[in-house]
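Keep in mind that what you see is a predicted model, and the values were worked out from it rather than measured. Just so you know, ligand 1 is whichever comes first in the structure, and atom 1 is the first atom listed for that ligand.
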Amino acid sequence: MAEASKRIEELTNKLNRYAYEYYVLDQPTVPDETYDTLLRELIELEEAHPELKQEDSPTQRIGGEPLEQFRKVRHEVPMMSLGNAFNAEELRDFDRRVQDGLGHKPSYICELKIDGLAVTLKYEEGRFVLGATRGDGTTGEDITHNLRTINSIPLRLKEPVTMEVRGEAFMPKRSFERLNDKKKEQEEQPFANPRNAAAGSLRQLDPKIAADRHLDIFIYSIGQYPDESLTSHSGSLRYAEEMGLRTNPETKAAADIEEVIEYCESWLEKRHELQYEIDGIVVKVDSLEDQEQLGFTAKSPRWATAYKFPAEEVVT
Ligand SMILES: NC(=O)c1cnc(N)c2cc(Br)sc12
């Protein structure tokens, strides 16, 4: 029994590390066959010793029976929405308002605006305990059973910290095309776009459906967190990465609004090369102290805006 317990713990940790390298870092260090062989060994050991199964075992990503209904979840920290800017001049207007509010020039951080479904993830002492949709910003739906099936969401953080993080769950373009090909073959209604496909997949009561949809996620903000040493948004993104969470590699600091405008305009064409859809760029004041000073309007932060790309001509 001690042997089995030791081997199960060893396999669980090894498989979780391999999954982290593959799904979070996009840098696998072992071939798929190695992962599959170890996973088969773990499944056999867990079947022989179910009481030794670990909560963060990769075999526990797809839970039990489908839910009867969704539980409502109240967000302690409301999930924000963003004001919009549609061109360079409106970005300059945003910058003027920010400088008026701060009394100094801020530094900015630019992040791709992922076209998916905003979700919140709660970790307690490092364990993934709750995941929910944004809903109306204060009340969302509990979709923990579906988010557990996303391989780039760690079931356990690298440190036993308690924190809430927010991000965008999305369906990569390739998964979207494969899914719609299957739907067309089965003469079912295809999804209009990857955002609808991701939302449709995560709003299922049966986690086996979400598990089959190859969803992914980028974390873009941290709610209440224990580490008071964080003073910038960019620092909090690095902290999220250190905890084992997946963040977007294209995020970039900008010294002033002209650099922000340059970044936004550079992605107008480049975005078609991405493996996922984006519908704009999120621009944030980087200093947490500056964010605190600027605060929120009734529904949006004064320290962020969304630069929206012009709607694309839909070729039918
Ligand atoms: N990086 C970000 O902050 C970010 C990325 N993608 C998105 N769809 C959203 C939405 C809000 Br609200 S923030 C944000």
Practice item. Write out the residue and atom name of the closest protein heavy atom to atom 8 (N) of ligand 1, then the distance separating them to 0.1 Å. Key: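 The answer is Ile114 O, 2.9 Å.
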Point to revise | Protein residue, atom and distance nearest to atom 10 (C) of ligand 1, heavy-atom basis | key: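 Minimum-distance protein heavy atom for atom 10 (C) of ligand 1 reads Tyr220 OH, 3.7 Å.
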Exercise for review: Measure from atom 7 (C) of ligand 1 to every heavy atom in Glu168, His233, Arg195 and give the option owning the shortest one.
Suggested key: Glu168
Exercise for review: Please confirm whether the backbone N or O of Gly116 pairs with a side-chain atom of Arg195, one donor and one acceptor, at under 3.5 Å?
Suggested key: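 No: the side chain of Arg195 does not pair with the backbone of Gly116.
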Review point. With distance as the sole test, does Thr144 use its side chain to make a donor-acceptor pair with the main-chain N or O of Gly131 at under 3.5 Å?
Key: yes
Study note, to complete from the structure: With sequence neighbours left out, the residues meeting side chain to side chain contact (heavy atoms under 4.5 Å, CB included) with Lys182 are Gln186, Asp212
Review point. For ligand 1, which atoms have a heavy atom of Leu82 less than 4.0 angstrom away?
Key: 11 (C), 12 (Br), 13 (S)
Point to revise | Contact atoms of ligand 1, heavy-atom distance to Met80 under 4.0 Å | key: 12 (Br)
**Study point:** Which segment of Glu111 sits under 4.0 Å of ligand 1 when only heavy atoms are counted
**Key:** side chain
Practice item. Could you tell me if the ring centre of Phe218 sits under 6.0 Å from that of Tyr276? Key: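 Yes - the distance between ring centres of Phe218 and Tyr276 falls below the 6.0 Å cut-off.
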**Study point:** Sub-4.0 Å heavy-atom approach of Leu112 to ligand 1
**Key:** yes
Review point. Looking at ligand 1, does Lys284 have a heavy atom less than 4.0 Å from it?
Key: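 Lys284 counts as a contact of ligand 1 under the 4.0 Å cut-off.
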Review point. Are the charged groups of Glu111 and Lys284 less than 4.0 angstrom apart, N to O?
Key: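 Lys284 and Glu111: salt-bridged.
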Review point. Do the numbers put Lys158 on top of the ring of Tyr20, so that NZ or CZ is under 6.0 Å from the six-membered ring centre and no more than 45° off the axis?
Key: yes
